[in-house]
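Quick notes on the structure that follows.
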Amino acid sequence: MTKLMSTQHLSEQEIIRREKLTELNKLGIDAYPAALYPVNTNSVFIKENYAQHPADKGVENKDQFTDVCIAGRIMSVRDMGKANFAVLQDAVGKIQFYIKQDDICPGEDKTMYQTVWKKLIDIGDIIGIKGYVFTTKTGETSIHVSEFTILTKSLRPLPIVKEKDGEAFDEVTDPEFRYRQRYADLIVNPSVKETFIKRTKMVNAIREFLNERGALEVDTPVLQSIPGGAAARPFSTHHNALDVPMYMRIANELYLKRLIVGGFEWVYEFSRNFRNEGMDRTHNPEFTVLEFYVAYKDYEWMMDTTEQMLDKAAMATNGTTKVMVGEKEIDFKAPYKRITMYDSIKEITGFDISEMDEAGIRHVCRELKIHADDKWGKGKLIDEIFGEKCEGTYIQPTFITDYPVEMSPLTKKHRSKPGLVERFELMCNGKEIANAYSELNDPIEQRERFEEQTKLMERGDDEAMFIDHDFLRALEYGMPPTSGIGFGIDRIAMLLTNQHSIQDVLFFPMMRPEKNDD
RNA sequence: GAAUUGGUAGCUCAGUUGGUAGAGCAAUACACUUUUAAUGUAUGGGCCCAGGGUUCGAGUCCCUGCCAGUUCACCA
């Protein structure tokens with residue numbers, strides 16, 4: 001009954017493929033075999049190495065690749081009657097293969113060619129082929145097949161993308177299809193795979209950079225009872241056995257600092273953070289931040305380290321520090337420009353607000369036609385001016401330093417500039433990609449700053465932070481002078497892979513669940 | 001949350017002032033033993049996102065909803 005019902009929803013092509021599967025079974029062929037398939041090379045290796053050999057076109061080179069065995073998905077077939085050309089796609093690329101009736105079926109029985117290959121195999125099926133490499137008349141390195149094996153029958157037709165000279169035709173571009181069915185997107189759009197490979201290269205380079213310098217990669221809790229270390233709305237959940245509310249982490253900062261208290265000098269974590277907020281081109285509810293904390297350092301040292309790390313990450317990802325982002329060329333070569341927030345505002349708006357009080361800054365907001373909410377304190381006003389007028393103008397990587405104390409409850413006061421903290425953000429392509437401090441380690445002052453946050457909360461600021469008493473207890477034992485930083489890994493990946501949307505650097509971006517009629 | 005664009009065959013898309021759906025690719029059948037967006041001939045394939053409304057008649061016009069994209073708001 002259920003099978004009958006579900007069959008009614010199948011398209012003509014899906015029904016035909018199921019029938020082919022039945023036919024294969026009747027011939028005694030298992031379309032989902034269990035045995036290992038002895039792959040001994042891959043498409044790219046063959047093409048790169050065979051091409052170096054000056055073989056005559058249309059002639060086989062008897063010296064090398066005489067016995068290859070590869071596996072992959074059939075992406076296209078050109079049927080010439082008793083001989084076919086087809087394209088196989090494996091993990092690294094594509095290669096053409098040539099399959100001829102009298103080679104597959106040397107005897108009288110032509111079933112394997114005429115029935116199995118020509119009738120029962122489809123584009124999208126995964127097969128293994130054995131044979132030798134040759135160059136066709138038109139000069140394309142190909143595999144002359146002597147034997148093929150069905151490894152997996154595909155029951156759902158793939159979106160067909162044709163290509164010629166690197167240009168794709170009828171490319172699948174529908175974002176909903178691509179994000180919901182990333183597996184199909186990856187099969188059909190090779191550039192998608194490239195993006196994710198680059199992302200991993202970038203992450204590996206960063207990890208290597210940190211490990212080389214003696215940093216320790218650690219794991220800290222994702223489920224937290226106090227969602228600390230940032231100001232954001234958390235996802236809440238509940239622990240049944242303990243019968244307590246729990247939250248998905250919005251940041252891991254306070255845990256990493258506890259480890260610095262514990263005596264580690266340099267810890268880092270690629271932290272998946274969760275924030276229950278809006279989604280757009282640059283925000284996904286779960287996203288990745290690299291945070292690291294280093295004892296006995298300050299934010300000046302951190303700027304040096306940051307630019308070296310990103311220089312290396314860019315090199316490892318693209319082989320150069322320069323990257324095209326849309327129309328703009330961005331160069332990650334160290335060092336980067338450094339400018340204080342007050343100087344930036346002065347440079348861009350002409351207003352010197354460094355000596356002003358809250359009323360003066362509100363006046364500047366009016367002059368600049370920036371909305372200034374009554375609930376906001378001085379720090380938030382300054383941040384608003386910077387965000388509205390300055391942030392977007394920094395295309396090349398630029399350190400903005402020395403933030404107002406009100407916006408930075410976890411940051412050490414500036415060594416020489418009253419009202420400011422030792423903090424920087426790294427701007428790139430008009431967006432923040434990293435945020436760093438000389439960490440506040442005075443437990444009494446930290447308690448006071450938390451209390452100021454509580455007042456802001458009472459004043460109506462719903463972004464203010466919760467107090468974490470255990471974290472204060474840790475600070476009371478003594479945390480050495482420490483510099484810490486957080487990098488928006490997804491955003492850096494977007495820059496280094498020239499992707500416009502965060503969804504294009506996440507395999508499975510958040511989507512509203514599909515309605516299921518079953 | 002607001003504005004805006006879109007949802008038609010497995011895929012990419014057409015669809016005139018409203019008259020019950022078209023193309024290319026894919027599929028099926030046939031031909032072709034070096035093609036490459038192969039080619040040629042023929043055939044099948046649609047709850048036009050969903051629900052209301054206007055109308056003799058709606059893929060098309062109106063309303064509501066669903067899903068997605070973009071921009072804005074929100075998001076240290």
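Lettering follows sequence order; numbering is per chain, from 1.
By the 30° and 60° cut-offs, the orientation of the rings of His144(A) relative to Tyr132(A) is parallel. Note on ring orientation: taking the six-membered ring where Trp is involved, the planes of Tyr394(A) and Phe386(A) are parallel (angle under 30°, cut-offs 30° and 60°).
For the pair Thr136(A) (side chain) and Glu140(A) (backbone), a donor-acceptor distance under 3.5 Å is present.
In the interface, the side chain of Asp79(A) is paired with the base of C32(B) through a donor and an acceptor atom under 3.5 Å apart. Judged by distance alone with a 3.5 Å cut-off, no donor-acceptor contact links the side chain of Asp174(A) to the base of C11(B).
In this structure, CG on Leu120(A) lies 12.0 Å from CZ on Arg17(A), to the nearest 0.5 angstrom. Taken from SG in Cys428(A) to CZ in Phe399(A), the straight-line distance is 10.5 Å, to the nearest 0.5 Å.
A straight line from CD of Glu176(A) to P of U12(B) spans 11 Å, rounded to a whole angstrom. We find that OH of Tyr98(A) is positioned 9 Å from P of U35(B), with the value rounded to whole Å. Met279(A) has its CE atom 14 Å from the P atom of U71(B), to the nearest Å. Taking atom CG of residue Asn189(A) and atom P of nucleotide C11(B), one finds them 14 Å apart after rounding to whole Å. Rounded to whole angstrom, the span from the CD1 atom of Ile123(A) across to the C1' atom of C25(B) amounts to 10 Å. For Phe450(A) and A76(B), the CZ to P distance is 16 Å, given to the nearest whole Å.
Side-chain atoms of Phe134(A) lie closest to U34(B) of the nucleotides A76(B), G69(B), U34(B). Proximity note for Asp170(A) (side chain, C-beta onward) versus C30(B), A76(B), G24(B): the nearest is G24(B). Among the nucleotides A27(B), A76(B), G69(B), the one closest to any side-chain atom of Leu410(A) is A76(B). Nearest nucleotide to the side chain of Tyr179(A), out of G69(B), A27(B), A76(B): G69(B). When each of A68(B), A26(B), A76(B) is scored by its nearest atom to the side-chain atoms of Met511(A), the top-ranked nucleotide is A68(B). For Thr136(A), the listed nucleotide lying nearest its side chain is U34(B); candidates were C32(B), U34(B), C30(B).
Nucleotide C32(B) has no partner under the Watson-Crick or G-U criteria, as no pair reaches both atom distances under 3.5 Å. In a base pair of the Watson-Crick type (N1 to N3 plus N6-O4 or O6-N4) or a G-U wobble (N1-O2 and O6-N3), with each distance short of 3.5 Å, U20(B) is matched with no nucleotide. Of the nucleotides present, none pairs with A37(B) by Watson-Crick or G-U wobble criteria with both distances under 3.5 Å. Base pairing of G59(B) is not made with any nucleotide, judged by Watson-Crick or G-U wobble geometry with both donor-acceptor distances under 3.5 Å. When Watson-Crick and G-U wobble pairs are counted only if both distances are under 3.5 Å, G1(B) pairs with C72(B).
Residue Arg281(A) places at least one side-chain N or O under 4.0 Å from the OP1 or OP2 atom of U71(B). Contact annotation: His500(A) side-chain N/O to U71(B) OP1/OP2 distance is under 4.0 Å. One finds a side-chain N or O of Lys162(A) lying less than 4.0 angstrom from the OP1 or OP2 phosphate oxygen of A38(B). Distances shown here put every side-chain N or O of Arg78(A) at or beyond 4.0 Å from the OP1 or OP2 atom of U35(B). In this structure, Lys20(A) does not reach the A27(B) phosphate: none of its side-chain N or O atoms is under 4.0 Å from OP1 or OP2. The phosphate of U35(B) (OP1 or OP2) has no side-chain N or O of Lys82(A) nearer than 4.0 angstrom. Residue Arg512(A) places at least one side-chain N or O under 4.0 Å from the OP1 or OP2 atom of A68(B). Using a 4.0 Å cut-off, some side-chain N or O of Lys164(A) falls inside it from OP1 or OP2 of A37(B).
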>> Run the ring pair (Phe, Tyr, Trp, His ring centres under 6.0 Å) test on Phe196(A) and Phe507(A) for me, step by step, so that the C-alpha distance in whole Å, both residues' side-chain angles and the decisive distance to 0.1 Å come before the verdict.
In response: CA-CA 8 Å; Phe196(A) 286 98; Phe507(A) 274 125; 3.9 Å; yes
>> Would Ser483(A) and Asp298(A) count as a side chain to side chain donor-acceptor pair (under 3.5 Å) here? Give the steps.
In response: CA-CA 5 Å; Ser483(A) 187; Asp298(A) 64 7; over 6 Å; no
> For Glu422(A) and Ser438(A), what are the C-alpha separation, side-chain angles and deciding distance, and is it a side chain to side chain donor-acceptor pair (under 3.5 Å)?
Replying inline: CA-CA 5 Å; Glu422(A) 299 212 343; Ser438(A) 295; 3.0 Å; yes
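As rounded to the nearest Å, A26(B) and C63(B) have P atoms that lie 41 Å from one another. C32(B) and A38(B): their C1' atoms are spaced 11 Å apart (whole Å). Comparing the P positions of U43(B) and A3(B) gives a spacing of 50 Å, expressed to the nearest Å. Using C1' as the reference atom, C61(B) and C74(B) are 36 Å apart when rounded to the nearest Å. A68(B) and A31(B) are spaced 48 Å apart, taking the P atom of each and rounding to whole Å. Separation of the C1' atoms belonging to A27(B) and A9(B) is 11 Å when rounded to the nearest angstrom. Taking atom C1' in both G44(B) and A21(B), the straight-line distance is 16 Å, to the nearest Å. Remark: the separation of the P atoms in G45(B) and U4(B) is 40 Å, to the nearest Å.
Within 4.0 Å of Gln96(A), counting heavy atoms only, lies at least one base atom of the nucleic acid. Among the protein residues, Arg180(A) comes within range of the sugar-phosphate backbone only, with heavy atoms under 4.0 Å from sugar or phosphate atoms but none that close to a base. Within 4.0 Å of Tyr437(A), counting heavy atoms only, lies at least one base atom of the nucleic acid. No contact: Glu167(A) has no heavy atom under 4.0 Å from any strand. Within the 4.0 angstrom heavy-atom criterion, base atoms lie near Asp280(A). No engagement by Glu391(A) is indicated, since no non-hydrogen atom pair under 4.0 Å with the nucleic acid exists.
Between the side chains of Arg423(A) and Ser408(A), a donor-acceptor pair is found at a separation under 3.5 Å. Side-chain polar atoms of Asp402(A) and Tyr299(A) form a donor-acceptor pair below 3.5 angstrom.
Other residues, nucleotides and ligands place more than 12 heavy atoms under 6.0 Å from the NZ atom of Lys94(A).
Residue whose closest nucleotide on RNA chain B sits further toward the 5' end, between Ile160(A) and Phe85(A): Ile160(A). Along RNA chain B, the nucleotide nearest Arg17(A) and the nucleotide nearest Glu253(A) are compared for position; the residue whose nucleotide lies closer to the 5' end is Arg17(A).
Base orientation of U20(B): syn (glycosidic angle within 90° of 0).
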Under 3.5 Å between N/O atoms: give me all the protein pairs with nucleotides 41-46 of chain B, atom names plus distance.
from   : atom 1 : to       : atom 2 : distance (Å)
G44(B) : O2'    : Glu12(A) : OE2    : 3.1
G44(B) : N2     : Glu12(A) : OE1    : 2.3
G44(B) : N3     : Glu12(A) : OE1    : 3.3
G44(B) : N3     : Glu12(A) : OE2    : 3.4

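Between Asp79(A) and Lys118(A) a salt bridge is recorded (basic side-chain N to carboxylate O distance below 4.0 Å).
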